[in-house]
Amino acid sequence: MKKPIISFRNVVKSYDDDVPVLKKVSFDIEEGKFYTLLGPSGCGKTTILRMIAGFSEPTTGEIYFEGKKINAIPANKRQVNTVFQDYALFPHMNVFENIAFGLKIKKVPKEEIKKKVKEALRLVQLAGYEKRGISEMSGGQRQRVAIARAIVNEPKILLLDEPLSALDHKLRLNMQYELRELQQRLGITFIFVTHDQEEALAMSDEIFVLNNGNIVQSGSPVDIYDEPINHYVADFIGESNIVNGIMIKDCLVAFAGKEFECVDEGMRPNEPVEVVLRPEDLELTDVSQGKLRVKVLTQLFRGVHYEIVCQDEMENEWIVHSTKKASVGSEIGLYFDPEDIHVMRFNESEAEFDARLESYEDQGEDDETI
Ligand SMILES: Nc1ncnc2c1ncn2[C@@H]1O[C@H](COP(=O)(O)OP(=O)(O)OP(=O)(O)O)[C@@H](O)[C@H]1O
């Protein structure tokens, strides 16, 4: 890994001597990538963002920016800008004044401000909107003004705290695409917070999945979707069938009363495991060709596919997403390939996540302006 732009080492955050809201969190952020902090409400995503921005300090542990400790560096001395959920635009100012605000405070010369605001507006595809009032802009346009206001300062890191949550579904999808494209064009590091797994999968280079003050897994969207580390991640990232099983030996797992060839290795013989099969990886077939014999319990039309709930002979329920229809009450077969089976250890812990972090040495310098 390249030298990280941001590193957290054993960062704990507690309020009022309570149970910590972040419990010894360690991670590295590489420059120029799109990161997403993903997790349910209250898991600590915004707390991490606020500490990167400099609005809040760790109770214990260290935060580094390009190798320098920045725990106590105030927000205005960091090369970091934030786009907030509610955009926090000034309603009485026009678009130009909103975007120019920070530069004016920094006493940047007028001509330079004009040039920078124009460029920022071009980047968010709002060229020519300088004189518009904020109240005359749509939700998506306000969102873009908020982004322009953040990027006009040329930050090295842009933090985005659920910036799409106020938008309707279609606009949200458009903005996902635009944000991703903007990040690639600017080449700066984006750290995006969301509780929406589809958004995280669509936009990110790297996802950190959080639960209850811990990072439980980090990786590319495909890694996290295909190889969830535990039940929580498998359940949170997309719909999953999760059943208990036994890893008989390398590449052979038993569940639902049968043995199946798989691709997982490295577990103890006869280790109890959880087995994940994604609904879209299950194919409906004849009983004779299926690997599992199931009875169809319910079927719902979901637009792109049917969602079919079946039950096997051991009474495990299986959700199947299929473009084919099934008949409720009929007996059918489910077919899947060995690589569609994802085997997870029980109790894959956060301590193991920390151990997997590459060690990043020479981080001993004290706080200083960066
Ligand atoms: N200033 C504060 N004082 C006390 N507790 C706080 C404070 N700020 C946050 N918390 C608590 O810390 C925990 C984590 O909050 P945080 O805002 O980081 O979660 P989140 O994952 O961003 O959630 P959401 O998606 O709802 O914004 C929550 O239990 C919250 O109540």
Side-chain angles (χ1 to χ4, degrees), residues 6-29 34-63 70-75 78 80-89 139 142-143 146-147 150 157-169 172 175-176 179 189-204 206-219 221 224 228-238 350 353-354:
I6 287 280
S7 299
F8 271 44
R9 285 295 174 273
N10 302 317
V11 171
V12 175
K13 181 71 184 177
S14 320
Y15 294 101
D16 314 325
D17 295 333
D18 259 356
V19 183
V21 296
L22 280 188
K23 302 165 187 162
K24 270 202 164 189
V25 168
S26 298
F27 61 79
D28 290 327
I29 299 267
F34 197 122
Y35 286 84
T36 298
L37 307 179
L38 174 69
S41 184
C43 68
K45 307 180 293 291
T46 302
T47 304
I48 292 181
L49 221 57
R50 288 174 55 78
M51 286 198 271
I52 298 174
F55 299 133
S56 163
E57 271 187 56
T59 309
T60 59
E62 295 85 42
I63 302 178
I70 56 160
N71 286 35
I73 302 286
R78 298 190 184 192
V80 174
N81 271 90
T82 308
V83 178
F84 297 97
Q85 192 168 5
D86 57 2
Y87 318 150
L89 296 171
R142 284 180 205 188
Q143 172 62 259
I147 293 167
I157 303 176
L158 189 66
L159 306 177
L160 302 114
D161 193 356
E162 306 236 13
L164 308 184
S165 58
L167 307 178
D168 67 47
H169 183 66
R172 207 177 159 128
M175 284 304 296
Q176 286 176 12
L179 272 182
T189 311
F190 275 33
I191 308 177
F192 183 88
V193 158
T194 184
H195 57 264
D196 180 329
Q197 48 94 13
E198 275 181 33
E199 205 159 88
L201 291 174
M203 298 171 79
S204 323
E206 291 270 333
I207 300 175
F208 293 173
V209 185
L210 281 100
N211 187 22
N212 207 9
N214 283 305
I215 295 178
V216 280
Q217 186 170 6
S218 77
I224 289 191
I229 203 162
N230 59 22
H231 192 116
Y232 170 79
V233 178
D235 216 24
F236 197 73
I237 308 278
E350 286 80 35
F353 173 83
D354 285 346

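When a ligand or atom number is given, it counts from 1 through the structure's own listing order.
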**Report entry** For Glu162, the ligand 1 atoms whose distance to one of its heavy atoms is below 4.0 Å
**Finding:** 25 (O)

Report summary line: One should read off an interatomic distance between Ile52 CD1 and Thr47 OG1, to the nearest 0.5 angstrom, of 11.0 Å

Report task. Among all protein heavy atoms, pick out the one at the shortest distance from atom 26 (O) of ligand 1; state its residue, atom name and that distance to 0.1 Å. Result -> Ser41 OG, 2.6 Å

Report summary line: Out of Gly42, Pro20, Gly39, the nearest non-hydrogen contact to atom 20 (P) of ligand 1 is supplied by Gly42

Query raised in the report: Closer than 4.0 angstrom: is that true for some heavy atom of Arg50 and an atom of ligand 1?
Result: no

Report task. Name the option, out of Leu38, Val21, Ile48, Asn211, that contains the heavy atom nearest to atom 11 (C) of ligand 1. Result -> Val21

Query raised in the report: Between Val193, Thr46, Leu49, which one has a non-hydrogen atom sitting closest to atom 22 (O) of ligand 1?
Result: Thr46

Requested in this report: Name the closest protein heavy atom to atom 10 (N) of ligand 1, giving the residue it belongs to and the distance to 0.1 Å.
Outcome: Tyr15 CE1, 3.6 Å

Query raised in the report: For ligand 1, which atoms, with element, lie under 4.0 Å from some heavy atom of Pro40?
Result: 21 (O)

**Report entry** Shortest non-hydrogen separation from Ser26 to Ile215 and the atoms involved
**Finding:** O-CD1, 4.4 Å

**Report entry** Side-chain (Arg142) to main-chain (Leu89) donor-acceptor, under 3.5 angstrom
**Finding:** no

Query raised in the report: CG of Asn214 to CZ of Phe208: how many Å apart, nearest 0.5 Å?
Result: 13.5 Å

Report summary line: Rounded to the nearest 0.5 Å, the CE atom of Met175 sits from the CG atom of Asp168 at a distance of 12.0 Å

Query - From Asp161 atom CG to Thr82 atom OG1, the distance as rounded to the nearest 0.5 Å - result: 8.0 Å

Requested in this report: Measure from atom 15 (O) of ligand 1 to the protein's non-hydrogen atoms and state whether any distance is below 4.0 Å.
Outcome: yes

**Report entry** Heavy-atom pair with the smallest gap, counting every atom of Met51 and Lys13
**Finding:** CE-CB, 4.0 Å

Query raised in the report: Can Cys43 be said to touch ligand 1, with heavy atoms closer than 4.0 Å?
Result: yes

Query - Passing candidate, side-chain contact (heavy atoms from CB on, under 4.5 Å) with Ile48, options Leu37, Ile191, Val11, Ile63 - result: Leu37

Query raised in the report: Does the protein place any heavy atom closer than 4.0 Å to atom 30 (C) of ligand 1?
Result: no

Report summary line: For Thr47, the atoms of ligand 1 under 4.0 Å from one of its heavy atoms are 14 (C), 15 (O), 16 (P), 18 (O)

Report task. For Lys45 and Leu210, indicate whether the former's side chain and the latter's backbone hold a donor-acceptor pair under 3.5 Å. Result -> no

Query raised in the report: What is the closest protein heavy atom to atom 25 (O) of ligand 1, and at what distance does it sit?
Result: Lys45 NZ, 2.9 Å

Report task. Please confirm whether Ser56 comes under 4.0 Å of ligand 1, counting heavy atoms of the residue only. Result -> no

